[in-house]
Amino acid sequence: MGGLSGYEIAILSDISTIPALLATPGFARTPFQSPGWLDAWFAVFQPSGMDCCVGVIRKAGGGQPLFLLPLVRERCHGMTVLTLPDRGVSDYHSALVSPEFAPDEETMNRLWGALVAMLPAADILSIERVLPDIAAGMRIAHLMRPSRSSAHALPIDADFATLRDRRFDPSTARRLVKNRRKLEHKGRLTFDFIAGPEAFADLDSLLDWRRQRFQDVNDDKQTAIQRLFYRRLVEEGSLAKVGRLRLDGELLAGCLGLIEGERILVLVLAYNTRFANWAPGLLMVESCIAAAAAMGLTVFDLTIGDESYKEMFGTDSIALLELRQPLTLRGRLALALLDLKPQVKRILERLGLFGLVQRLRGKAAPKS
C-alpha cells in the first residue's frame with residue numbers, strides 16, 4: 001500500500017472480496033457498475049479464469065474507499081490489456097467514486113501516476129466509453145480523449161404526447177401511428193415489462209433474433225456466455241427487465257431495459273422479422289418511451305451505437321471519452337500504430353486503393 005498527499009493507494013486482487021467491495025454503497029456509478037450488474041458479471045464471467053483486481057484510493061489512516069477502479073487483465077491481439085469488466089455487455093465504463101473524493105488536478109495526477117505504477121503487469125490500460133460527467137467525477141477527464149463512440153439519450157421532460165410532438169421525426173411519428181393502427185386492427189397490441197424466470201422465454205427470443213441478425217460476426221462461445229449473463233440479470237430482476245411488445249400474446253419485439261433511479265437504459269433491442277412490414281422495433285421503442293414517461297422516469301437512454309433510428313426519436317448525442325495509456329514499450333508502439341490507422345485509411349482512399357486493400361484482407365466482397 002502506498003501513501004500520497006493524505007491518501008493511501010492499494011491494488012486488491014482477492015477475487016473472493018472484490019464483488020463485496022464493489023457493492024459498497026455511496027458511490028457514483030452507472031448501472032453497468034451497479035452492485036446487481038457486477039454481481040452477475042463476476043458470477044458468470046470470472047469463473048472462466050479471468051484475472052481481476054481493484055485499484056483503491058482512500059484517505060490515509062485506513063478510511064473508507066473513495067475511488068474504486070475494477071480491472072480485468074485480458075489478451076488482445078498479442079497485447080496484455082487491463083480494462084474494466086465488459087466482455088461485450090457493458091456500454092459505459094466508470095470507476096466508482098465517492099462524492100467526498102475531490103482532489104485538485106495536480107494531486108489527482110500524482111495519485112493516478114502512483115496507482116498506475118502499482119497495477120499488475122500489462123501493456124495497455126484501456127478505459128473506454130466514459131460519459132463526460134462520470135469522467136469529471138473520476139477527476140481524470142483531462143487525461144482522456146474523445147472516443148469513437150457516442151451515447152444517445154432522450155430527456156423525458158414532458159408527457160409522452162408532448163414529447164412525441166417536440167422530439168420525434170414527424171414522418172416517423174406519422175408512420176408509427178399508421179402501423180400501430182394496422183396492428184391494432186389485427187388484435188390486441190400491448191407493451192409491458194417483465195422480470196424473473198417467467199421472462200426467460202421472451203429474453204431467449206430476443207437473443208435468438210439478435211443472433212440471427214448478426215450471424216456473420218457472432219462468436220458462438222461469447223454469445224452463449226452473454227446469454228447466461230443476461231438470464232442471471234433478468235432472474236434477479238431488480239435492475240434488468242424485459243420489455244415486450246405483443247400482439248394477442250405473441251412477441252413482436254422487445255428489449256432488455258435497465259431501470260435504475262430516474263433512468264432507463266435500453267439494450268438488446270430485437271424484433272420478429274415476420275412482422276417487419278410494420279416496423280415492430282420502432283413501435284417497441286415508442287412504446288418503451290411512453291411507458292418510461294408514465295413511470296415518471298426522466299431519461300430514456302439508447303446507449304451507444306450510431307444507428308439512424310435513434311435520431312428518429314430525437315435523442316441527444318453525447319460524445320464519450322476514453323483513456324488508453326501505454327504501460328510498456330510494446331503498448332506504446334501498439335497505440336501509436338492505432339493512432340496512425342485513420343491517417344493510413346485516408347491516404348489509401350485518396351489513392352483509390354482502400355477498396356483493394358479491404359478485399360485483399362477479406363473485409364469486403366470482391367468486385368464482379
Just by distance, do the side chain of [X] and the backbone of [Y] share a donor-acceptor pair under 3.5 Å?
X	Y	value
E307	Y309	no
Q222	R87	yes
E8	G61	yes
T172	F168	no
S90	P85	yes
K186	K182	no
T273	A276	no
H152	I318	no
R129	D91	yes

Are [Y] and [X] connected into the same hydrophobic cluster when the rule is that any two of I, L, V, M, F, W, Y join if their side-chain heavy atoms are below 4.5 Å apart?
X	Y	answer
M138	L66	yes
F160	L154	yes
V234	V89	yes
L71	V97	yes
I15	L68	yes

Would the F229 and W37 ring centres measure less than 6.0 Å apart?
->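 Yes - the distance between ring centres of F229 and W37 falls below the 6.0 Å cut-off.
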Could you give the distance from [atom1] ([X]) to [atom2] ([Y]), rounded to the nearest 0.5 Å?
X	Y	atom1	atom2	result
I140	N109	CD1	CG	10.0 Å
T303	L269	OG1	CG	9.5 Å
L265	I259	CG	CD1	9.5 Å
L228	R232	CG	CZ	10.0 Å
I304	K310	CD1	NZ	7.5 Å
L207	T223	CG	OG1	9.0 Å

Which class fits the ring pair W112 and F67: parallel under 30°, tilted 30 to 60°, perpendicular over 60°?
->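 The rings of W112 and F67 stand perpendicular, inter-plane angle above 60°.
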Do the rings of F275 and W278 sit parallel, tilted or perpendicular, given the 30° and 60° boundaries?
->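 Ring orientation, 0 to 90° scale: tilted.
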Please examine the side chains of [Y] and [X], heavy atoms only from C-beta on, and report whether any two atoms are closer than 4.5 Å.
X	Y	result
L189	R246	no
V266	F300	yes
M284	L252	no
L22	P35	no
F45	V72	no
L143	M108	no
P155	V299	no
T315	D301	no

Minimum heavy-atom distance [X]-[Y], with the two atoms named:
X	Y	value
A319	P132	O-CG, 3.3 Å
N179	A279	ND2-CB, 3.8 Å
R167	D316	NH2-OD1, 2.8 Å
A158	R166	CB-NH1, 3.8 Å
G78	R330	O-NH2, 2.5 Å
S287	L245	OG-CD1, 3.8 Å

Given the rule in the side chain to side chain contact (heavy atoms under 4.5 Å, CB included) test, do I264 and C288 qualify, once you have shown the distances and angles that lead to the verdict?
-> CA-CA 9 Å; I264 178 170; C288 197; 3.9 Å; yes
Salt-bridge criterion met for [X] and [Y] (N-O under 4.0 Å):
X	Y	result
R227	D208	yes
R274	E250	yes
R139	E105	no

Would [X] and [Y] count as having a side-chain donor-acceptor pair, cut-off 3.5 Å?
X	Y	result
D86	H93	yes
D159	T162	yes
E100	S98	no
D104	T107	yes
Y230	D204	no

Other residues, nucleotides, ligands: >12 heavy atoms within 6.0 Å of [X] [atom1]:
X	atom1	value
R175	CZ	no
R75	CZ	yes
E262	CD	no

E322 and S149: side chain to side chain contact (heavy atoms under 4.5 Å, CB included), yes or no, with the steps?
-> CA-CA 9 Å; E322 68 180 20; S149 299; over 6 Å; no
Partner of R73 under side-chain hydrogen bond (donor to acceptor under 3.5 Å, both in side chains), picked from T83, D51, T80, is D51
Residues passing the side chain to side chain donor-acceptor pair (under 3.5 Å) test with R110, sequence neighbours excluded, are S5
Could you please spell out the steps behind the side-chain hydrogen bond (donor to acceptor under 3.5 Å, both in side chains) verdict for E311 and S308?
-> CA-CA 6 Å; E311 296 182 4; S308 60; over 6 Å; no
Hey, mind stepping through R188 and D248 against salt bridge (charged side-chain N to carboxylate O under 4.0 Å, His left out) and telling me if it holds?
-> CA-CA 5 Å; R188 184 167 177 263; D248 288 340; over 6 Å; no
Just checking, R58 and Y7: is the charged tip under 6.0 Å from the six-membered ring centre and within 45° of the axis?
-> no
Kindly indicate, with the supporting measurements, whether the criterion side chain to side chain contact (heavy atoms under 4.5 Å, CB included) is fulfilled by V81 and D123.
-> CA-CA 6 Å; V81 180; D123 295 304; over 6 Å; no
Step by step, work out the side chain to side chain contact (heavy atoms under 4.5 Å, CB included) result for C53 and L12.
-> CA-CA 5 Å; C53 68; L12 306 181; over 6 Å; no
